[in-house]
Amino acid sequence: MKDLLKVLQTWEAVIGLEVHTELTTLNTKMFCSCPVEFGAEPNTLICPVCLGLPGALPVPNKAAIESIILAGIATNCDIEQQTMFYRKNYFYPDISSNFQITQGPVAFCMRGWLDLNITEPAASEREYREGTTELPASYASSGYTTRINITRIHMEEDAGKLVHIGGTDGRITGADYSLVDYNRCSTPLIELVTEPDLRTPEEARLFLQSLRQIWLTLGISDCSMEEGSLRCDGNVSLRKRGAKELGTKTELKNMNSFKNLHDGLAYEICRQADVLESGGRVVQETRHWEPASKHTVSMRLKETADDYRYFPEPNLAPYDLSDEFVAEVRSRLPELPDEQRARFMEVYALSFIDASALASDRDVASFFDEGMAFAAAQAQELAKPFTNLLLNDVLASLNTSGHVLAETKLTPAHLVELAQLIAKDTLSSKQGKEVFAHMLKTGEAPAQIVEKEGMQQVSDTAALEQIALEILKEFPDKAAEYRSGKTGLLGFFVGKAMAATKGQGNPKLINETFIRLLDGE
Ligand code: ADP
Ligand code: MG
Ligand code: ZN
C-alpha cells in the first residue's frame, strides 16, 4: 500500500462528512412517547406510531426541535424558521412503514461553519493541506486554522437495527438469516452534512472530535460511537493538486471510532491514488471499512442517485418558528469549547496548547474551573502549576487506569493544594509526584500526606547554610573557579546540597545560599 504522505504530494484529498447524532438525552422518541433507551430487550420500546402502522398519527417532540436549533446556533448555522418534514420512501426491513420521516431541501439549520485549530505537532499530514512537502517552521509551534463549512443540519427519525446471523462478516451478504429490532425506530436523529472542505484524514478526525465536544457541551446526546449514537460516513475523492474540479467520490461506512474514520479515509485515499495512477477511474460507490484487515470493500455501486420519491409528510404541519422561540433557545446556549479555550487563555494566561487541552474535555474543563474557584484569590498564580498537574499527572494516571476523572479519589480542592505546595517550594516537583501518587491511592489531602510521610522540603536557612559551607570547604578549587567567572558551577554545588539533603532541600533556597556565600565577599 502507498504511503499517505507521498500520495498527498501529488493528489489533493477532498473529504466531506455526514454525521448522524441520536438525541439520546431526550426522554421520548421523535413522534411518540416511547422511551429513548439503549440496550433494552428487542422490540419492547415500540408503539403503533414508531412502527408506522396505518392510521397512527405522529406528534413532534418539542424538545427535539429545541435540540436541533441549539445545535445549529452552536455551529453558526442560519436557523430556517419555515421548514417542514418530508417522507423518504424506501423498502428495507429496518423500517416497518417503508418511509423515514426526514427533511426536504430546507432543513432547520443551513449554511454553518466550524473553525478547526490544528495544533498537534505530531499530526504529520498538516503540511499537505497547502501542498508543501516540507514542514513550515511556523506550523510546528502554532499549527493552522481552517474553516469547514456546514451545508445543513436536518432532523429525522432513526431506523431500527438489523442483526445478521451466520455468514462470514456480520453483514447481510452471506448471512443465513437476519433479525430486526425496532426499538431504535423513530429515535430523534440530527444529520449534519459538511461541504467537501476537509483535506486530510487528520482534519476529518479533528472535525468529528470538535463536533462531539460541542454536542456534549449542549447536552443533546451522549455521543457514544460504540453504541452508535454518534455515527459518521466519510465521502472522499482525489484531484490533482491545483485542480478546481471535484473528482469522483466514494462513501465510507462503518467509521465507528475516530481511529476508524482516520484510518479508513487514509486507506481510501491511497486506494484511489492507485486506481488513478494505473490509468483506471474511481467508481462512485459505497464502501465498507474493515478495521481488522485494514482495507475497504465495495458494498454497492451508486452510479445514479437513489430515487426516494421525497414528498411533504402529510401528517405533520409545516413549521413557522417564532422569533421568540428561537431567541429563547439561543439564550440557553452554554459556553462552547472554543469560547472556553479563549477564556482560559485570557483569564489565566494559559498557552493555546494548554487551554485547548483543557477545553477539549468537558470533565477536565469543569475540574479546572472548580479548582480555580477553590484557589480564589490565588487562581492567577496557581493556574499554570494546577494545569500542569491536571494535564500531565492526572491525565497520565487516567490513561493507565482506564478510569474517568469522576471515578478517582481526586478532588479539585486537593489538587489546588498540591499545586500550591509545589508553587511555594514546600515540595520539590519530585516530592509533588510522590504526594500525587498517595492522593490517588488514599484520597487524602496533600498536607496530611506530607505530614505523615515527613516530606517537608528543608527550607531551614541556617541548616542549609551549614550544608553549603561544608560543601564549599570540600571543594575549594571549584569555589575558586566559580569566583574567577565559571558561574556555571552553581549547578554542581546545588546538586551536592540536594544529595546531602536526600532530595528534600529547597532548591531555590539552596541556590540563593550558594550565590550569597560565593558572591558575598
Ligand atoms: P450524495 O448525493 O452522494 O449523498 P451529497 O452531494 O449529498 O452526495 O454529499 C454528501 C457528502 O459528500 C457531503 O458531505 C459532501 O460535502 C461530500 N461530497 C460531495 N461531493 C464530493 C466529492 N466529489 N468529493 C468528496 N466529497 C464530496
Ligand atoms: Mg446525500
Ligand atoms: Zn413509539
Side-chain angles (χ1 to χ4, degrees), residues 11-20 26-37 40 43-53 56-61 64 88 90 95-97 101-105 107 110-114 148-154 156-160 181-188 191-201 203-204 207-208 211 231-240 243-253 255 261 264-265 268-269 272 276 281-287 299-308 310:
W11 301 96
E12 182 175 47
V14 174
I15 301 167
L17 299 181
E18 292 166 281
V19 185
H20 289 87
L26 296 179
N27 296 325
T28 56
K29 291 188 180 180
M30 192 60 225
F31 300 113
C32 62
S33 54
C34 292
V36 170
E37 218 179 280
N43 299 311
T44 53
L45 312 174
I46 49 175
C47 76
V49 176
C50 53
L51 286 179
L53 298 186
L57 282 179
V59 179
N61 182 339
K88 174 181 177 177
Y90 70 92
I95 210 151
S96 55
S97 55
I101 302 182
T102 177
Q103 291 202 270
M110 305 289 291
R111 300 168 297 276
W113 50 266
L114 275 189
I148 307 305
N149 289 293
I150 293 165
T151 317
R152 56 189 266 146
I153 312 175
H154 63 255
E156 58 189 32
E157 49 174 358
D158 209 349
D181 174 8
Y182 286 130
N183 279 351
R184 199 175 67 179
C185 262
S186 206
T187 296
E191 177 177 353
L192 179 147
V193 182
T194 77
E195 290 291 301
D197 286 351
L198 297 151
R199 292 292 173 269
T200 67
E203 289 182 6
F207 180 88
L208 191 62
L211 200 64
R231 312 197 283 269
C232 182
D233 301 336
N235 298 268
V236 56
S237 65
L238 296 187
R239 63 185 171 195
K240 272 273 160 62
K244 286 267 171 302
E245 218 170 297
L246 290 176
T248 303
K249 73 173 166 89
T250 56
E251 182 175 350
L252 296 186
K253 298 277 188 192
M255 317 295 264
L261 176 66
L265 286 170
E268 186 58 16
I269 288 167
Q272 289 187 12
L276 294 170
R281 69 182 187 94
V282 172
V283 181
Q284 183 162 341
E285 62 185 347
T286 305
R287 298 180 70 89
M299 284 169 84
R300 63 192 153 103
L301 295 183
K302 224 180 167 187
E303 293 281 19
T304 52
D306 295 321
D307 187 355
Y308 293 114
Y310 280 93

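Both counts, for ligands and for their atoms, begin at 1 and track the order of listing. Nothing fancy with the numbering, it's 1 onward along the sequence.
- Of all the atoms in ligand 1, the ones that sit under 4.0 Å from a non-hydrogen atom of Val193 are 13 (C), 14 (O).
- Contacts with ligand 1 closer than 4.0 Å are made by backbone heavy atoms (N, CA, C, O) of Glu195 only, the side chain lying farther away.
- Counting heavy atoms closer than 4.0 Å to ligand 1, residue Leu246 contributes side-chain atoms (C-beta onward) but none from N, CA, C or O.
- Taking any N or O of Asn235, backbone or side chain, at least one lies under 3.5 Å from an N or O belonging to ligand 1.
- Set against the non-hydrogen atoms of Gly247, the atoms of ligand 1 under 4.0 Å away are 23 (N).
- Rounding to the nearest 0.5 Å places OG1 of Thr102 at 10.5 Å from OH of Tyr308.
- With rounding to the nearest 0.5 angstrom, the CE atom of Met110 is 12.0 Å from the CD1 atom of Ile150.
- At a cut-off of 3.5 Å, with distance as the only test, a side-chain donor of Thr151 or Glu195 sits close to an acceptor on the other residue.
- Residue Cys47: an N/O/S atom is found under 2.8 Å from the Zn ion (ligand 3).
- Seen from the Zn ion (ligand 3), atom SG of Cys50 and atom SG of Cys34 lie 110° apart in angle, a value rounded to 10°.
- Under a 3.5 Å cut-off, the side chain of Asp181 and the backbone N or O of Gly160 do not form any donor-acceptor pair.
- Among all heavy-atom pairs drawn from Tyr182 and Ile46, the shortest one is O-CG2, 3.6 Å.
- Every atom of ligand 1 is numbered from 1 in the order shown, and the set under 4.0 Å from a heavy atom of Val14 is 24 (N), 25 (C).
- Here's the thing with Thr194: one of its N/O atoms is less than 3.5 angstrom from an N/O atom of ligand 1.
- Contacts with ligand 1 closer than 4.0 Å are made by no heavy atom of Asp197, backbone or side chain.
- For the atom pair OG1 of Thr194 and CD of Glu203, the computed distance is 11.0 Å after rounding to the nearest 0.5 Å.
- Closest to atom 22 (C) of ligand 1 by heavy atom, among Ala13, Ser237, Pro196, is Ser237.
- A donor-acceptor contact shorter than 3.5 Å is absent between the side chain of Asn235 and the backbone of Glu18.
- Between Glu245 and Arg239, no side-chain nitrogen of the basic residue sits less than 4.0 Å from a carboxylate oxygen of the acidic one, so the salt-bridge criterion is not met.
- Within the listing of ligand 1, atoms 14 (O) sit less than 4.0 angstrom from a heavy atom of Leu17.
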